[in-house]
Amino acid sequence: MSITDVLSADDIAAALQECQDPDTFEPQKFFQTSGLSKMSASQVKDVFRFIDNDQSGYLDEEELKFFLQKFESGARELTESETKSLMAAADNDGDGRIGAEEFQEMVHS
């Protein structure tokens, strides 16, 4: 699966443009601009599986660091503060990782 199978390349490019500078990544803005927030719960979970590098069923901080690169290989890495804030926004049960349900809830919040 390619991310552009479910999201428009133009929308992804626009979302990445908005956060190209370090410490400018805002999850909700990214989800809206990329079109993720308009997708169904099952489609968001498909995108989650694409982002989940090790297919563990969870995203950890190391995977989150490369979040933007899953949408475009040339995109920047998230900074440490962006990674921690993305984790804090989604990790509802406090286990230090984001499950598919938590990811979907964050995208649609």
Side-chain angles (χ1 to χ4, degrees):
M1 167 182 153
S2 167
I3 200 76
T4 53
D5 291 343
V6 289
L7 293 172
S8 135
D10 289 343
D11 289 347
I12 292 170
L16 290 170
Q17 181 69 33
E18 290 176 348
C19 62
Q20 68 182 352
D21 296 323
D23 294 317
T24 60
F25 176 71
E26 297 174 28
Q28 294 309 335
K29 188 174 182 183
F30 183 86
F31 300 146
Q32 288 171 354
T33 304
S34 68
L36 253 176
S37 60
K38 297 178 205 128
M39 298 172 79
S40 72
S42 69
Q43 289 172 310
V44 170
K45 288 176 184 172
D46 287 342
V47 171
F48 173 88
R49 283 189 281 282
F50 180 75
I51 297 168
D52 181 15
N53 280 341
D54 60 9
Q55 299 301 300
S56 66
Y58 296 95
L59 301 177
D60 58 27
E61 281 194 17
E62 189 63 25
E63 288 169 308
L64 290 180
K65 184 165 81 170
F66 302 106
F67 181 82
L68 297 177
Q69 294 175 359
K70 295 305 272 182
F71 293 86
E72 167 59 53
S73 62
R76 70 177 179 85
E77 291 180 9
L78 292 180
T79 64
E80 185 175 344
S81 64
E82 288 170 323
T83 301
K84 289 190 181 313
S85 101
L86 182 56
M87 179 64 74
D91 183 20
N92 298 330
D93 61 8
D95 66 355
R97 56 193 189 165
I98 300 170
E101 285 290 325
E102 290 171 315
F103 182 75
Q104 181 266 311
E105 288 170 17
M106 174 180 59
V107 168
H108 287 136
S109 68

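The first residue in the sequence is number 1, and the count goes up from there.
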Hey, could you give me the [atom1]/[atom2] distance between [X] and [Y], rounded to the nearest 0.5 Å?
X      : Y     : atom1 : atom2 : value
Leu7   : Gln43 : CG    : CD    : 8.5 Å
Leu36  : Asp11 : CG    : CG    : 10.0 Å
His108 : Ser40 : NE2   : OG    : 7.0 Å
Asp23  : Glu82 : CG    : CD    : 5.0 Å
Lys70  : Leu59 : NZ    : CG    : 10.0 Å
Ile12  : Glu72 : CD1   : CD    : 8.0 Å

Fill in: Short side-chain to backbone donor-acceptor contact, Gln104 and Lys45, under 3.5 Å
no
Item to complete: Ignoring hydrogens and angles, tell me if any N or O in the side chain of Glu102 forms a donor-acceptor pair with the backbone of Asp93 under 3.5 Å.
Response: yes
Would you say that [X] contacts [Y] through its side chain, given a criterion of any heavy-atom pair below 4.5 Å between the two side chains?
X     : Y     : result
Met87 : Ile98 : yes
Glu18 : Gln32 : no
Asp46 : Val6  : no

Worksheet item: Same hydrophobic cluster for Phe66 and Phe50, using side-chain heavy-atom links shorter than 4.5 Å among ILVMFWY?
Response: no
Worksheet item: Given the rule that I, L, V, M, F, W and Y join up when any side-chain heavy atoms are under 4.5 Å apart, are Leu64 and Tyr58 in one cluster?
Response: no
Do you know which two heavy atoms are closest between [X] and [Y], and how far apart they sit?
X     : Y     : result
Gly96 : Asp91 : N-OD2, 2.8 Å
Leu86 : Pro27 : CD1-CG, 3.8 Å
Thr79 : Arg76 : N-NH1, 4.0 Å
Met39 : Val47 : CE-CG2, 4.0 Å

Fill in: CA sep, side-chain torsions, deciding dist, call: Thr33, Glu26, side-chain contact (heavy atoms from CB on, under 4.5 Å)
CA-CA 11 Å; Thr33 304; Glu26 297 174 28; over 6 Å; no
Item to complete: Anything under 30° is parallel, anything over 60° is perpendicular, the rest tilted; go ahead and classify Phe71 against Phe30.
Response: perpendicular
Discussion item. Regarding Asp52 and Arg49, does a basic nitrogen lie under 4.0 Å from an acidic carboxylate oxygen?
Written reply: no
Worksheet item: Salt-bridged, Lys65 to Glu80, with N to O below 4.0 Å?
Response: no
Worksheet item: Is it true that the side chains of Asp10 and Ser8 contain a donor and an acceptor less than 3.5 Å apart?
Response: no
